[in-house]
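Working notes, structure below.
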Amino acid sequence: MATIGKDLYKAKVLLETGEVIGLPTETVYGLAANALNPIAVAKVFEVKNRPGFDPLIIHTDSLEKVRNWVEDIPLDLELLLKEFSPGPLTVLLPKKDIIPDLVTSGLSRVAVRIPKHSMALELLAMLDFPLAAPSANPFGYISPTSAKHVDQQLGSKIPYILDGGNCDVGLESTIVGFEGDQLTVYRKGGLEIEKIESHFGTVDVKEHSTSNPAAPGMLKSHYAPNKEVELMAMGVTEFRKKTALLSFSEASTHLPREKQFILSEEKNLSEAASKLFEGLRYLDALDVDTIYLELVPDVGIGRAINDRLKRAAAKG
Ligand code: TXA
Ligand code: MG
């Protein structure tokens with residue numbers, strides 16, 4: 001198992017020597033490596049068992065530093081960064097040659113994000129390179145929202161996990177870029193689309209595709225537990241014997257309480273987002289065959305929650 005701790009200096013030294021570590025952010029934990037070191041980046045793909053066509057986000061601590069890694073920042077994306085960073089926002093920008101092709105899977109744009117987590121920001125400020133960091137889960141599985149989750153899944157493959165507590169947001173960042181001259185959301189996430197639209201008017205939202213590497217980040221089946229997963233039709237009362245249920249705010253009277261996980265009894269979508277992956281993990285560890293998922297109200301961060309629920313239930 002990996003060592004879990006809060007030693008930023010140790011983290012810095014490991015990263016400088018090309019190691020991969022667990023990194024807390026406000027969205028989910030990342031699996032971080034020096035983005036400018038292709039060997040370290042290759043290790044990230046290997047540890048995660050991630051296909052090479054799925055590019056990585058680079059993380060840094062200031063807009064000034066972002067300019068070191070990209071050719072240009074279109075005005076609207078700069079405004080977005082100024083308004084919502086640090087925060088659960090990732091923007092796609094034309095990369096400089098210094099960013100290895102491995103990071104972007106050969107694409108000309110690099111995904112950049114400034115995370116809002118004090119430990120991550122402090123560490124990033126100590127580094128003169130950005131950190132490439134996908135979510136710290138094996139490819140296709142549920143993203144981690146605590147150091148323990150990272151340790152359970154990848155602890156045997158990495159030397160160190162920085163412990164920054166439970167993630168506040170609990171869902172990955174919202175990814176935004178230009179598709180031609182249209183501002184486009186490529187992945188729904190922790191930054192509500194409504195907030196972006198309040199500044200820029202209606203934006204396009206890409207829905208997930210089946211397995212199209214040309215639209216990375218959009219793999220349909222993702223965030224998936226090991227069990228059979230079904231989206232629940234409204235008003236289901238007959239459950240098979242070995243069934244578990246993830247619901248928004250109310251327990252079902254048709255299943256034992258311990259086979260259920262409620263996201264937010266107060267019907268608070270932010271709370272629901274922060275508990276989503278923990279809930280999926282909890283239910284996945286039960287002795288059940290099928291996990292039913294109830295969709296949440298499709299507004300604000302609820303849109304990102306529903307996106308993850310649908311992907312968890314998607315076949316293939
Ligand atoms: O909140 C987050 O974004 C977390 C934390 C650790 O920062 N990171 C994260 O990384 O979710 P990952 O690798 O699990 O998801 C990043 C997504 C991928 O689906 C990838 O396809 C997409 O971003 N992506 C990365 N670079 C891209 C690029 N240049 N163009 C299009 N999509 C890109
Ligand atoms: Mg991920």
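Read the numbers this way: they start at 1 and go in the same order the structure lists the ligands and their atoms.
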Exercise. Does P115 reach ligand 1, in the sense of a heavy atom lying below 4.0 Å from it?
Worked result: no
Seminar exercise, completed: Under 4.0 Å from one or more heavy atoms of S173, ligand 1 contributes atoms 1 (O), 2 (C), 3 (O)
Seminar exercise, completed: Among S135, P24, A32, the residue with a heavy atom nearest to atom 9 (C) of ligand 1 is S135
For this session: List the steps and the verdict of salt bridge (Lys or Arg N to Asp or Glu O under 4.0 Å) for K242 and E228.
Result: CA-CA 11 Å; K242 287 197 154 193; E228 177 82 21; over 6 Å; no
Exercise. Would E26 and R113 pass as an ion pair if we require N to O under 4.0 Å?
Worked result: yes
Problem set entry | Under 4.0 Å to a heavy atom of R109 - the qualifying atoms of ligand 1, by number | 29 (N)
Problem set entry | Minimum non-hydrogen distance to atom 30 (N) of ligand 1, winning option of L92, V169, L131 | L92
For this session: Within a distance under 4.0 Å of any heavy atom of T27, pick out the atoms of ligand 1 and give their elements.
Result: 1 (O), 2 (C), 4 (C), 5 (C)
Exercise. Side chains of D284 and Y141: is there a donor and an acceptor less than 3.5 Å apart?
Worked result: yes
For this session: Output the list of atoms in ligand 1 that are nearer than 4.0 Å to some heavy atom of D54, sorted by atom number.
Result: 18 (C), 19 (O), 20 (C), 21 (O)
Exercise. Between K195 and E192, does at least one N-O distance fall below 4.0 Å, as a salt bridge requires?
Worked result: yes
Exercise. Where does A133 meet ligand 1, judged by heavy-atom distances below 4.0 Å: at the side chain, the backbone, both, or neither?
Worked result: backbone
Exercise. Less than 3.5 Å between some nitrogen or oxygen of T25 and one of ligand 1, yes or no?
Worked result: no
For this session: Could you tell me whether some N/O pair between Y29 and ligand 1 is separated by less than 3.5 angstrom?
Result: no
Exercise. Under 3.5 Å, N or O to N or O, is R113 touching ligand 1 that way?
Worked result: yes
Exercise. Does some non-hydrogen atom of T104 fall short of 4.0 Å from ligand 1?
Worked result: no
Problem set entry | Electrostatic pair K188:E207 at N-O distance under 4.0 angstrom | yes
Exercise. Do E172 and R308 meet the salt-bridge criterion of a basic N to acidic O distance under 4.0 Å?
Worked result: yes
Exercise. Would you call K95-D101 a salt bridge at under 4.0 Å N-O?
Worked result: yes
Exercise. Out of curiosity, is K95 lining ligand 1, as in a heavy atom under 4.0 Å away?
Worked result: no
For this session: May I ask you to check if any N/O/S atom from S135 comes under 2.8 Å of the Mg ion (ligand 2)?
Result: yes
Exercise. Is the number of heavy atoms from other residues, nucleotides or ligands under 6.0 Å of D298 CG greater than 12?
Worked result: yes
For this session: Can you sort out which atoms of ligand 1 are near G30, meaning under 4.0 Å from one of its heavy atoms?
Result: 6 (C)
For this session: Look at D307 together with R303 and state whether they make a salt bridge at an N to O cut-off of under 4.0 Å.
Result: no
Exercise. Counting each atom of ligand 1 from 1 as listed, which ones have a heavy atom of P55 under 4.0 Å away?
Worked result: 20 (C), 21 (O), 24 (N), 25 (C), 26 (N), 27 (C), 28 (C), 33 (C)
Problem set entry | Contact partition for I175 relative to ligand 1, non-hydrogen atoms under 4.0 Å | side chain
For this session: Say whether E172, considering both its backbone and side-chain N or O atoms, lies within less than 3.5 Å of an N or O atom on ligand 1.
Result: no
Exercise. Do E179 and K206 meet the salt-bridge criterion of a basic N to acidic O distance under 4.0 Å?
Worked result: yes
Exercise. Any Lys/Arg nitrogen of D289 or K227 sitting under 4.0 Å from an Asp/Glu carboxylate oxygen of the other?
Worked result: no
